[in-house]
Amino acid sequence: MNVRITTEDFPSNLRNEKVVIIMNHRTRLDWLYYWSVILRQGKLENEKIILKNELKRIPGAGWAMQIAMFIFLKRNWDKDEKYLHQILHYFTDTNYPLQLLIFPEGTDYDTHSVTKSTSYALKNNLPIYKHVLHPRLRGFTYCVEQLRSRHGIDAIYDVTVGYHGNICQSESDLAMGNFPQHVHFHMKRHPITTVPESTEGLEKWCTEKWTEKEATLARFYKDGRFVPEQEEKSMIVDDSSIRYQMIFWIVYWITFLCVVFMLLYNFWWVRWYTVIVGTIFFLQSGYGSGFEMLQVKRHVLTTNNDSQNNYSHSEYSQQNMQNGIGKNTLREAKDRKRS
């Protein structure tokens, strides 16, 4: 599989910015291929992805995503708004170098989603797209507004992904070894100071970007490039370091899995431990708020306790100061009476 990354208005020395990343959702695995960009442009642990709530219940993978603080939406705005408010404030309170990946289309590009997008376009007198779906705007605008109000965003990365050759649409294709021959990412950086501040302005801005993506992808599938060759700029990176990282992690995970299976096979207490931990994750994912929210609640509790302790210490110091002043005043009064 060959990955190509081209950029526009994207300085090569930027690393670990606080950003919102918006991308078209061509397959269910776009986020996985985008890791190849993150490895070259920042730190993988800084990327958090907004996903469907159902994915947090997947044994193993879903639990790991909860621990990694991925964001899961129920597509019920009354519940999602409060959830997003809490988790976004957690990232800004901790000054986390967040790289938040959002797929505004809400789902991947397939026959069913294309039919729904076309129906929506006809109903609302919008253009009919052939390469993207019409974006859902509320989640995007809310995230940008919340992060901007708390100085938690430096820029928006507008990423367009295109595939040549085989398209690996889902996890089953990946398991069968049907990898795409070529994955091409085209990136534009928009400093947050250049992005509209109002909700209506953000909605219009995002809609315009999706119109541009449609035209860009039409050119890509016709000419094999997102921009003319003379205008194309590739991301400048040290690919050797990326290669060493990938080799390290492949070796690490193979070794880790081998050790885990060996322990499970040889020790009964490891099997019981695995069952207990799996049960806890299952119950928390299905009936609780998820482990990502446990981390948020723990942070809020710690912050409140620290604030209370600081307040108590300040109140105690103030009271001591007042007592000291009172004692000094009484002593002075006695001295005047003696004299």
Side-chain angles (χ1 to χ4, degrees), residues 5 10 14-25 28-53 55-56 62 64-75 77 79-108 135-161 185 187-197 199 202-203 205-206 209-210 213 290-293 295-296 299:
I5 307 166
F10 207 104
L14 290 176
R15 295 183 64 84
N16 302 321
E17 275 195 302
K18 298 175 182 179
V19 300
V20 168
I21 305 160
I22 54 174
M23 189 192 305
N24 60 305
H25 207 356
R28 288 168 56 96
L29 300 170
D30 299 323
W31 60 272
L32 180 61
Y33 302 133
Y34 189 69
W35 282 2
S36 62
V37 178
I38 294 291
L39 282 171
R40 291 164 169 81
Q41 189 267 328
K43 292 184 178 179
L44 194 58
E45 61 266 28
N46 292 344
E47 185 202 31
K48 310 302 176 187
I49 310 174
I50 293 184
L51 302 166
K52 301 175 185 177
N53 188 67
L55 297 178
K56 75 191 305 181
M65 289 189 288
Q66 291 180 50
I67 296 298
M69 294 293 293
F70 283 18
I71 299 175
F72 302 90
L73 299 185
K74 297 180 179 179
R75 297 188 176 183
W77 187 243
K79 297 179 180 179
D80 288 340
E81 182 179 12
K82 180 180 178 181
Y83 171 82
L84 275 174
H85 178 86
Q86 291 177 323
I87 203 163
L88 292 176
H89 281 221
Y90 165 81
F91 287 124
T92 55
D93 287 345
T94 56
N95 198 29
Y96 193 85
L98 177 65
Q99 297 199 339
L100 181 61
L101 176 57
I102 302 176
F103 295 102
E105 293 164 320
T107 188
D108 59 301
R136 303 176 184 183
L137 302 169
R138 180 179 288 178
F140 163 74
T141 57
Y142 185 82
C143 288
V144 173
E145 288 172 339
Q146 288 294 310
L147 291 172
R148 174 152 46 185
S149 68
R150 300 173 66 84
H151 308 289
I153 181 172
D154 299 315
I156 296 178
Y157 292 174
D158 177 14
V159 181
T160 305
V161 59
F185 292 100
M187 304 176 62
K188 299 179 182 179
R189 179 182 181 273
H190 303 277
I192 195 61
T193 54
T194 67
V195 178
E197 295 187 11
T199 301
L202 278 171
E203 290 177 347
W205 183 88
C206 187
K209 298 308 164 191
W210 247 253
K213 285 184 187 295
F291 276 87
E292 78 282 6
M293 284 306 298
Q295 296 182 63
V296 172
H299 168 72

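Just so you know, residue 1 is the first one in the sequence shown, and it goes up from there.
- In this structure, a donor-acceptor pair under 3.5 Å is absent between the side chains of Asn46 and Lys18.
- In this structure the side chain of Tyr90 never reaches within 4.5 angstrom of the side chain of Leu88, judged on heavy atoms.
- In this structure, OG on Ser149 lies 11.0 Å from CD on Glu197, to the nearest 0.5 angstrom.
- Looking only at side-chain heavy atoms (C-beta outward), Phe103 and Ile50 stay at 4.5 Å or farther from each other.
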- Stepwise side chain to side chain contact (heavy atoms under 4.5 Å, CB included) test for His299 and Asp93: CA-CA 9 Å; His299 168 72; Asp93 287 345; 3.5 Å; yes
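- Remark: side-chain polar atoms of Tyr83 are paired, donor with acceptor, to backbone N or O of Phe72 under 3.5 angstrom.
- Ring pair Phe185/Tyr34 is perpendicular by interplanar angle, where above 60° counts as perpendicular and below 30° as parallel.
- For the pair Asp158 and Arg189, the salt-bridge criterion is not met [side-chain N within less than 4.0 Å of a carboxylate O].
- Looking at heavy atoms from C-beta onward, Ile153 lies out of side-chain contact with Leu98 at the 4.5 angstrom threshold.
- The two atoms that bring Ser36 and Ile5 nearest to each other are O-CD1, 4.3 Å, heavy atoms only.
- Side-chain atoms of Val159 and Ile22, non-hydrogen and from C-beta on, never get closer than 4.5 Å to each other.
- Rounding to the nearest 0.5 angstrom, the gap separating the CE atom in Met23 from the CD atom in Glu105 is 10.5 Å.
- In terms of the ring pair (Phe, Tyr, Trp, His ring centres under 6.0 Å) criterion, residue partners of Trp31 (sequence neighbours excluded) are, by chain and number, Trp35.
- No donor-acceptor pair closer than 3.5 Å links the side chain of Lys56 to the backbone N or O of Phe291.
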- Task: Under the side chain to side chain contact (heavy atoms under 4.5 Å, CB included) rule, what do Glu47 and Ile49 come out as? Steps first, then yes or no, please.
- Result: CA-CA 7 Å; Glu47 185 202 31; Ile49 310 174; 4.1 Å; yes
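- The heavy-atom pair separating His89 from Thr92 by the smallest distance is O-OG1, 3.0 Å.
- No option in Glu17, Gln99, Lys188 other than Glu17 meets the side chain to side chain donor-acceptor pair (under 3.5 Å) test with Tyr157.
- Closest approach of Arg148 to Val195, counting heavy atoms only: NH1-O, 3.1 Å.
- A 4.5 Å side-chain heavy-atom check between Gln295 and Met293 finds every atom pair outside the cut-off.
- Taking SG from Cys143 and CD1 from Ile156, the interatomic distance works out to 10.5 Å, rounded to the nearest 0.5 Å.
- Expressed to the nearest 0.5 Å, how far CG of Leu147 lies from CG of Leu100 amounts to 6.5 Å.
- Residues His85 and Glu81 fail the side-chain proximity criterion, which asks for heavy atoms closer than 4.5 Å.
- For Asp80 (side chain) and Lys74 (main-chain N/O), a donor-acceptor pair under 3.5 Å exists by modelled atom type.
- A 4.5 Å side-chain heavy-atom check between Leu51 and Ile71 finds every atom pair outside the cut-off.
- At distances below 3.5 Å, at least one donor-acceptor pair connects side-chain atoms of Thr141 with backbone N or O atoms of Leu137.
- Judged by distance alone, the side chain of Arg75 and the main-chain N or O of Lys52 form no donor-acceptor pair under 3.5 Å.
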- Chi angles and distances behind the side chain to side chain contact (heavy atoms under 4.5 Å, CB included) call for Ile87, Val296: CA-CA 6 Å; Ile87 203 163; Val296 172; 4.0 Å; yes
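- Under a 3.5 Å cut-off, the side chain of Glu292 and the backbone N or O of Ala68 do not form any donor-acceptor pair.
- Between the side chains of Asp108 and His25, no donor-acceptor pair of N or O atoms lies under 3.5 Å.
- Ile21 has its side chain out of reach of Ile102: every pair of non-hydrogen atoms, C-beta onward, lies at least 4.5 Å apart.
- Under the side chain to side chain contact (heavy atoms under 4.5 Å, CB included) criterion, Arg138 pairs with Trp77, not counting sequence neighbours.
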